[in-house]
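Numbers for residues simply follow the sequence, beginning at 1.
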Amino acid sequence: YNYILKGLKMLQDKDLILIVDDNKDTCFLIKTILELNGYSTDIRYNGNECLEYLKVKIPNLILLDIMMPVMNGFEVIDILKKKDIYKNIPIIAITAKNDELFIKEIFEKGVEDYIEKPFKNFELLARVKSAIVKCKKEIKEDNKNKNFLLEEDELKKLRKIYKLQE
């Protein structure tokens with residue numbers, strides 16, 4: 001019983017990466033590389049499936065193909081960046097296009113990074129790790145700032161209460 005609980009805890013501690021790509025072979029390859037390196041993954045095959053998934057789960061990172069049918073990656077990014085609940089999820093764009101204007105457009109949309117197909121395993125892992133570490137660091141800093149603001153508000157309330165009692 002304890003073994004099962006420890007296993008569940010380990011699964012919860014893994015970073016969850018959502019892979020969104022219409023190419024099943026690419027999805028399987030990325031999934032295999034990431035899971036062999038300690039990440040947990042889920043797969044969706046188009047932008048609509050991605051958005052439906054996010055109503056239920058929030059991953060640590062999204063690997064998002066740009067050129068997909070149904071809803072392309074740019075459309076997904078636009079929707080995610082407009083919603084407070086999703087706008088801070090780091091996104092790494094995956095694309096076979098490598099022209100300068102296209103890559104510029106990817107970054108202007110607010111993605112964390114991009115990976116060009118075909119990619120090297122070590123490059124995928126390095127970019128994923130970097131994006132997750134950066135995001136966790138930003139969350140930690142944001143929480144520190146929020147705690148500081150809460151402490152300031154509490155001090156103001158205490159001062160006000162103390163003045164009323166004098």
Side-chain angles (χ1 to χ4, degrees), residues 9-148:
K9 179 68 176 147
M10 275 180 43
L11 284 174
Q12 292 172 346
D13 289 341
K14 288 183 178 184
D15 291 311
L16 175 61
I17 300 168
L18 176 60
I19 303 161
V20 185
D21 195 315
D22 59 312
N23 184 310
K24 292 182 180 186
D25 292 335
T26 300
C27 288
F28 181 75
L29 176 63
I30 293 171
K31 177 182 179 64
T32 302
I33 293 166
L34 294 174
E35 288 183 355
L36 286 173
N37 284 277
Y39 295 99
S40 180
T41 63
D42 281 327
I43 294 174
R44 294 298 177 266
Y45 296 106
N46 64 56
N48 286 337
E49 288 181 11
C50 171
L51 296 175
E52 286 301 312
Y53 173 93
L54 292 172
K55 292 177 182 176
V56 180
K57 280 186 179 178
I58 302 291
N60 298 90
L61 174 72
I62 299 172
L63 290 172
L64 180 66
D65 184 22
I66 297 299
M67 307 306 285
M68 292 184 293
V70 182
M71 179 186 293
N72 70 42
F74 286 134
E75 294 170 305
V76 174
I77 294 165
D78 288 341
I79 291 168
L80 296 182
K81 294 300 178 183
K82 288 178 185 169
K83 297 191 179 196
D84 286 340
I85 192 167
Y86 306 131
K87 70 180 180 184
N88 294 321
I89 302 171
I91 299 170
I92 296 178
I94 304 171
T95 183
K97 284 183 89 173
N98 65 357
D99 68 83
E100 197 173 311
L101 290 175
F102 188 78
I103 293 167
K104 183 181 177 203
E105 186 178 1
I106 289 172
F107 282 112
E108 286 173 349
K109 293 284 185 183
V111 301
E112 192 70 31
D113 205 347
Y114 89 101
I115 298 173
E116 188 180 321
K117 293 179 188 177
F119 53 84
K120 296 174 179 68
N121 295 3
F122 76 88
E123 180 184 17
L124 172 71
L125 290 168
R127 291 180 188 271
V128 163
K129 182 179 180 180
S130 176
I132 290 175
V133 167
K134 182 181 177 192
C135 182
K136 285 182 178 181
K137 188 176 180 181
E138 287 172 358
I139 290 170
K140 191 174 181 180
E141 285 299 315
D142 191 42
N143 286 340
K144 276 185 192 177
N145 292 337
K146 285 179 182 172
N147 287 339
F148 178 74

Note: K31-D21 ion pair, threshold 4.0 Å (strictly below)
no
Would a distance-only check, ignoring hydrogens and angles, find a side-chain to backbone donor-acceptor pair under 3.5 Å from N60 to L16?
yes
Of all the heavy-atom pairs spanning N46 and E49, show the shortest one and how long it is.
OD1-N, 2.9 Å
Using side-chain contact (heavy atoms from CB on, under 4.5 Å), reason through K81 and K109 one step at a time and then give a plain yes or no.
CA-CA 8 Å; K81 294 300 178 183; K109 293 284 185 183; over 6 Å; no
Can you name the nearest heavy-atom pair linking K24 to Y45, along with the distance?
CG-CE2, 3.4 Å
For residues F102 and F74, establish whether the separation of their ring centroids is below 6.0 Å.
yes
Mind checking the CG-OH spacing from L54 to Y86? Nearest 0.5 Å is all I need.
5.5 Å
Nearest non-hydrogen partners of L61 and I91, listed with the distance
CD1-N, 4.3 Å
Less than 4.5 Å apart, side chain to side chain, heavy atoms only: is that true for I17 and D42?
no
Show your reasoning for whether side-chain contact (heavy atoms from CB on, under 4.5 Å) applies to V111 and I92.
CA-CA 6 Å; V111 301; I92 296 178; over 6 Å; no
So L34 and L63, side-chain contact (heavy atoms from CB on, under 4.5 Å) or not? Walk me through it.
CA-CA 11 Å; L34 294 174; L63 290 172; 3.8 Å; yes
Minimum-distance pair of heavy atoms, taken over all atoms of R44 and C50:
CB-N, 4.0 Å
When rounded to the nearest 0.5 Å, the distance separating NZ of K97 from CD1 of I106 is 9.0 Å
At what distance, to the nearest 0.5 angstrom, does NZ of K83 lie from CD1 of I89?
11.5 Å
Using modelled atom types and a 3.5 Å cut-off, is there a donor and acceptor pairing between side-chain atoms of S130 and backbone atoms of A126?
no
Stepwise, does the side-chain contact (heavy atoms from CB on, under 4.5 Å) test hold for I132 with Y39?
CA-CA 11 Å; I132 290 175; Y39 295 99; 3.8 Å; yes
Minimum side-chain heavy-atom gap N72-I66 below 4.5 Å
no
Nearest heavy-atom neighbours spanning P69 and D22
CD-OD2, 3.4 Å
To the nearest 0.5 Å, what is the distance between CG on N121 and CG on N37?
8.5 Å
Report yes if the side chains of V20 and I43 come closer than 4.5 Å at any heavy-atom pair, otherwise no.
no
If I take atom CD1 from residue I30 and atom CD from residue E35, how far apart are they, to the nearest 0.5 angstrom?
12.0 Å
Quick one: pull up CG in N23 and CG in D65 and give me the separation to the nearest 0.5 Å.
8.0 Å
Testing the basics here: between M71 and N48, what is the closest heavy-atom pair and its distance to 0.1 Å?
CE-OD1, 2.9 Å
Is it true that E100 and K104 make a salt bridge, defined as a side-chain N closer than 4.0 Å to a carboxylate O?
no
May I ask you to test the I115-L124 pair for a side-chain heavy-atom distance under 4.5 Å?
yes
